[in-house]
Amino acid sequence: MIVALLQDLIKQIDDPSLRERIMAEVGKLTKQKKFGLVFEEHLPECTLLYDVEIKRGDKVARKAGPVSDIYIVCSIDESKAICEHKTDHVETEFALDDLVAVAEFGEPIYPYLKPVDSVCKAADSNLWHTLIEADNYHALQLLEYLYAGKVDCIYIDPPYNTGARDWKYNNDYVDSSDAYRHSKWLSFMEKRLKLAKKLLNPKDSVLIVTIDEKEYLHLGCLLEEIFPEARIQMISTMINPANVARAGEFGRSGEYIFFVMLGGSTPQRVKLSREWVSSKGRTHTGNIRWDLLKRSGTNAERSHSPGGFYPIYIDNETGKITKVGDPLSPGISEAPAVEGCTALLPIRQNGTEGNWQWSSVTFAERMALGRVKIGGNKDKGFTVYILKNGEYSKITNGEFKIIGHGINNEIIVDDNDSEYVMATPGDIWKIAGHDSTQYGSRLLGNIFGERRFTFPKSLYAVKDSLYFFTANKPNALIVDFFAGSGTTLHAVNLLNAEDGGNRRCIMVTNNEVSDTEAKALTKQGYKPGDKEWEKLGIARYVTWPRTICSIEGHDVNGGLLKGKYLGSDIPMANGFKANVAYFKLGFLDKASVRIGRQFKEMLPTLWMKAGCYGPCPELSGQQLPVYMVLTENRMAILNDNSCFAKFAEEVENASEIETVYLVTDSDEDYRSMSRELEVKQTYQLYRDYLDNFRINSRR
């Protein structure tokens, strides 16, 4: 408002030179001021480096305390450390086992992917999904290196910030007593969404975000700021038909889903059960819809389209169109009579003269294509119906099969399936399969036999959301960096099983324990990082067990899963033909990295960048190979340039190789070797591991 007023006042300045100078200065001010969504810019989140050995001079935090409460290690004496608080400089003695190394924002950290486990149900398939146990902020930074601009779909179900102690900022739970909880949530989400944007294919991709009424307004504004070029639509969806009562409020039965569509991304018309569409009115019903030829609404008077006022002659006995007359001259309101026929003119219900939507020439052409039919009779009156372009395209693209023609050559089609329709739904979803209690909580209960996760999404709600944007992308790359219980990967596997797709999913989740469990574990003397603590974290206690069970078709006790997946004949006990590799994102100490270890640690990252083909390769021992040609993984790596000739020969003979990594500090050598290799893509790696995978640095 203020800027707009200033601009109006500036325009009134007569001196053009002065006017331009002032306008330029105001423009600078507007760039400094944040308009629209305004929130507190909180301190960036710190990183816990559990894999880094603590040494003198390191920054540390207490494992059970706020990660932003930072100390500097002054000295270490066996199992104890003397530390000075970074802010007040007070020295305190801690047990070394109670501390963890910390990196602040802007300090480079060096990630690696540590293999934890894997499940292989399709040994003959090159499709490997991945689960990464990590803080999603740093996982996204690594994924940016791997897949910038290559992701087709991101689906996330972030913390809803309801006021319960269900999410952390800087390792502290945020609850309703925190005056800055909305601001912290926005700061938390902004950092991650900005990284997510770098992953998405700008030409054709979608970001899907679920939310409820606590933050949907803030989220909508934030998405508009981060994705100004996107088309953003929010839909409403019922997730609990039982309607959860709330004291002093309306009951809650639904939530919202934002779809952020980039480039040419649009929801596809897909096969849906009939509950998705209305059987009344003019909405899509899955049948061909015949519209009235007579124009209604605006521009419906004869004067608006004089050429559209012509007679259509219909045989009174058979209903067959016998003739299409020419447009009547101005002032003439009656058509010449034809014996045995009704001359139908576009007369509106109020008796005034209207017009037909098609000219007489167009009418004749499209009638020959079967796009015109007659309804009614002589006594009740005849009505002319037409197939508009959109409806006719459903026939030409094969959605409906022509089984005959009527008396006026009108197309007669056979519905594809009486139970299903081809449609793009509206923006209010009331679908039985989206019940989060029945198809979220109870489905998990069948796997675990106990409650391990609160408020899981319906498997079918996630599957449907993904399907609208990946129905035409059987090889889509899908990312979920708030993976939670693992519903997204479960949904991707179900989609692939239903349509034979080869979609690949990357899930990221931390390994936090719940607030209740954390208190109980603390009372028992356990701390984050302890085996007893970590085994109850969400990644190891929920996400990974669900992944294994859903793929292998059994519960956590080994019993076969019962029932079939909704809307299909796929038994849950069959599992899925899929493979998943489980990694933990770790961080290396810069001073302790050794040449042999570099290559071993980086292999999983290179495997992911090359497309996750075949089982992730492993390197036994610390011996650095001069080169590796891994046909099963469709990648090759050259570590010693002197062996290039032999390496190039082996790559040439291995037609499966698509990605080649060349380790050299010389850009010229890299370009020269790259030109000689006829492969899909090559990448340069530097000899020092630290130069390849440094993240978290200020840019």
Side-chain angles (χ1 to χ4, degrees), residues 36-37 39 136-137 139-140 143 151-162 166-167 169 174 181-182 184-202 204-239 252 254-263 265-267 425 427-429 434 436 440 455-470 476-489 491-492 505-510:
L37 188 64
F39 56 93
N136 55 17
Y137 180 70
L140 283 168
L143 290 176
V151 173
D152 298 290
C153 174
I154 293 178
Y155 178 99
I156 55 173
D157 179 30
Y160 284 7
N161 202 21
T162 62
D166 60 350
W167 73 286
Y169 188 89
V174 179
R181 71 182 177 94
H182 293 292
K184 286 180 178 178
W185 187 86
L186 283 166
S187 183
F188 170 86
M189 289 297 296
E190 181 189 42
K191 292 184 182 72
R192 287 155 178 79
L193 289 172
K194 284 183 175 179
L195 288 172
K197 182 176 182 178
K198 296 178 181 179
L199 298 180
L200 290 165
N201 177 0
D204 183 6
S205 63
V206 63
L207 166 68
I208 306 172
V209 191
T210 62
I211 201 68
D212 73 359
E213 72 276 9
K214 298 294 190 299
E215 295 288 0
Y216 83 101
L217 290 171
H218 296 142
L219 176 61
C221 289
L222 183 62
L223 291 173
E224 287 185 351
E225 285 191 1
I226 296 175
F227 299 91
E229 74 281 24
R231 300 180 324 283
I232 302 176
Q233 185 173 16
M234 186 185 80
I235 68 100
S236 301
T237 177
M238 178 176 284
I239 62 167
R252 179 175 183 264
E255 59 183 26
Y256 310 101
I257 309 176
F258 280 98
F259 291 91
V260 182
M261 296 166 276
L262 296 175
S265 178
T266 57
D427 60 358
I428 298 178
W429 297 357
H434 293 184
S436 60
F455 309 118
K457 284 283 178 290
S458 160
L459 172 65
Y460 309 105
V462 177
K463 189 197 79 165
D464 289 337
S465 297
L466 296 174
Y467 191 47
F468 288 125
F469 290 89
T470 66
L477 176 58
I478 299 166
V479 172
D480 181 353
F481 54 89
F482 285 103
S485 69
T487 307
T488 300
L489 177 56
V492 169
C505 181
I506 299 172
M507 295 193 299
V508 179
T509 181
N510 59 31

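- Here the side chains of Phe227 and Leu200 are in contact, with some heavy-atom distance below 4.5 Å.
- Residues Phe188 and Pro159 are in side-chain contact: their nearest non-hydrogen atoms beyond the backbone lie under 4.5 Å apart.
- Shortest non-hydrogen contact noted between Ser265 and Asp204 is CA-OD1, 3.2 Å.
- Take Ser465 and apply the side-chain contact (heavy atoms from CB on, under 4.5 Å) test, not counting sequence neighbours, and it matches Tyr155, Ile208, Ile257, Phe259, Trp429.
- Residues that satisfy the salt bridge (charged side-chain N to carboxylate O under 4.0 Å, His left out) test with Glu213, not counting sequence neighbours, are Arg246, Arg252.
- Nearest heavy atoms, Asp152 versus Ala476: OD2-CA, 3.3 Å.
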Which donor-acceptor pairs under 3.5 Å do the side chains of residues 232-239 make with protein atoms, sequence neighbours left out?
none

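- Taking 4.5 Å as the limit, every side-chain heavy atom of Asp157 sits out of range of all side-chain heavy atoms of Val462.
- For Tyr256, the ring-ring contact (aromatic ring centres under 6.0 Å, His included) partners at least two apart in sequence or on another chain are Tyr216.
- Scanning for salt bridge (charged side-chain N to carboxylate O under 4.0 Å, His left out) contacts around Lys197 gives Glu229, with sequence neighbours left out.
- When side chains are defined from C-beta on, Tyr160 does not count as touching Glu215, because their heavy atoms never get closer than 4.5 Å.
- Summarising the geometry of Leu207 relative to Leu223, their closest heavy-atom pair is CD2-CD2, 4.0 Å, with the distance given to 0.1 Å.
- Taking Lys463 as the reference, Glu498 meet the salt bridge (charged side-chain N to carboxylate O under 4.0 Å, His left out) condition, with sequence neighbours excluded.
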